[in-house]
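Have a look at the structure below before the remarks.
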Amino acid sequence: MTTARVDRRPPRSPVKSAVTGTGDRTDASAFRRRQRRRSRLTALAFLAPLVLYLAAFYVYPLYRNLDLSLRDYTVRSFVAGDAPFSGLDNFRSVLDDPTFGPAMRHTMIFTFVSIVFQYLAGLALAVFFNRHFRLAGTLRALFLIPWLLPLIVSASTWSWMLNSESGVINYALHLVGVSPVDWLNSPSWALTSVIVANIWIGIPFNLVILYSGLQNIPGELYEAAALDGASNWQQFRCITFPLLRPVSAITLLLGLVYTLKVFDLIWIMTKGGPGDASSTLATWSYQLGFGTLLPKFGPGAAVGNMLILIALVFGLLYIRVQKRQES
């Protein structure tokens, strides 16, 4: 005869089961999911203005510029929006144009000479101000004036200074017995004039970036080098310049991208002339698109896309070099 076993254990408390059982784990998982979802929505809400800004002011203009360069736009079709697709014809016409060679050559000269002298002058001033002498902060602030001035003011000032008849530079040359130079209207001097003005404008940017890079170099390295008998030049060559290389690379890259697209300075001072003596890809693109009664929107956009492509190539080269240095 068998007897049923009686469970004499006290019944489990429903409150305790709700707290420690599977129900609690389910509620906790649901709560964590809601928290993650709320965090993602918050992040998207903060990113939305930036994404809209980039789409409206970068992505869409780039798309429109590419569309302009691939279609045969006239004034009528530009308004109506029914320009026929022409493929790479606009790029071919630009490459076959006799203005392309001088404009490309002037762009390369203008860019290379500008960024080299801006960097060298900015580096020299950064090292000079890194010595922390009296009035260093005041003088450093004064050097920022060219960078803070509106570009139209700087370009107009240089135009007045380089005026062949009433310019202060020709007046100074006259005082030392040198004949005046027709800076802005001479094919031999027009490009040099805009390069000098652009160097003057870009030096403060290089000064600020390179000076901030110098602040991150430990002073103990210079003290140890001085104890070992290293001269100032040896300290610069073996400590300053190598440790400043990452900052120098980004400074040169930003200077390159900015200088490639310089338009307003050249246009105010020389309008790309006389003839094509100071014409660059940026000024030529503007002349094609807006400088005549019968604008050539397609070729003008094609020249602009060439500038974007050149800047993109140098940007990718910079990223590749940085990855090699980090690896």
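Only heavy atoms go into these numbers, but all of them, side chains included; no hydrogens, no water, no symmetry mates. In this text the structure is predicted, and so the values were computed from the model without any measurement.
Residue-environment remark: CZ (F85) exceeds the threshold of 12 foreign heavy atoms within 6.0 Å. The environment of CH2 in W267 is crowded: more than 12 heavy-atom neighbours from other residues, nucleotides or ligands sit within 6.0 Å.
Both I319 and L253 belong to a single network of hydrophobic side chains, linked directly or stepwise wherever heavy atoms of I, L, V, M, F, W or Y lie under 4.5 Å apart. No continuous path of hydrophobic side-chain contacts links F46 to L52 [ILVMFWY only; heavy atoms under 4.5 Å]. Placement of L144 and V127 within a single hydrophobic cluster is found when ILVMFWY residues are connected by side-chain heavy-atom separations under 4.5 Å, directly or transitively. Cluster membership check: L256 shares its hydrophobic cluster with I250, using side-chain heavy-atom separations under 4.5 Å among Ile, Leu, Val, Met, Phe, Trp and Tyr.
R38 and Q35 form a side-chain donor-acceptor contact under 3.5 Å, judged by distance and modelled atom types alone. Judged purely by distance below 3.5 Å, without hydrogens or angles, the side chains of Y222 and T240 pair a donor atom with an acceptor atom. With 3.5 Å as the limit, one finds a donor-acceptor pair spanning the side chains of N170 and W183. No side-chain donor-acceptor contact under 3.5 Å links T251 and Y119. Side-chain contact of D264 with Y286: a donor-acceptor pair under 3.5 Å is absent, judged by distance alone.
Proximity of a side-chain donor or acceptor of Q215 to a complementary backbone N or O of S212 within less than 3.5 Å is not detected.
With S69 as the fixed residue, the side chain to side chain donor-acceptor pair (under 3.5 Å) test singles out one of N90, N305, D89: N305. A side chain to side chain donor-acceptor pair (under 3.5 Å) with T270 is found for one member of S278, S159, S279 and no other, namely S278.
One distance of note links CZ of R105 with CG of L281; it measures 11.5 Å at 0.5 Å rounding.
Separation of the F143 and F129 ring centroids falls under the 6.0 Å cut-off.
Among residues two or more places apart in sequence or in another chain, the side chain to side chain donor-acceptor pair (under 3.5 Å) test is passed with N198 by S114.
Using cut-offs of 30° and 60° for the angle between ring planes, the W284 and F100 rings count as tilted.
Contact check on D67 versus R71 returns a salt bridge, with a Lys/Arg side-chain nitrogen under 4.0 Å from an Asp/Glu carboxylate oxygen.
Here Y60 is tied into one hydrophobic group with Y63, each link being a pair of ILVMFWY side chains closer than 4.5 Å.
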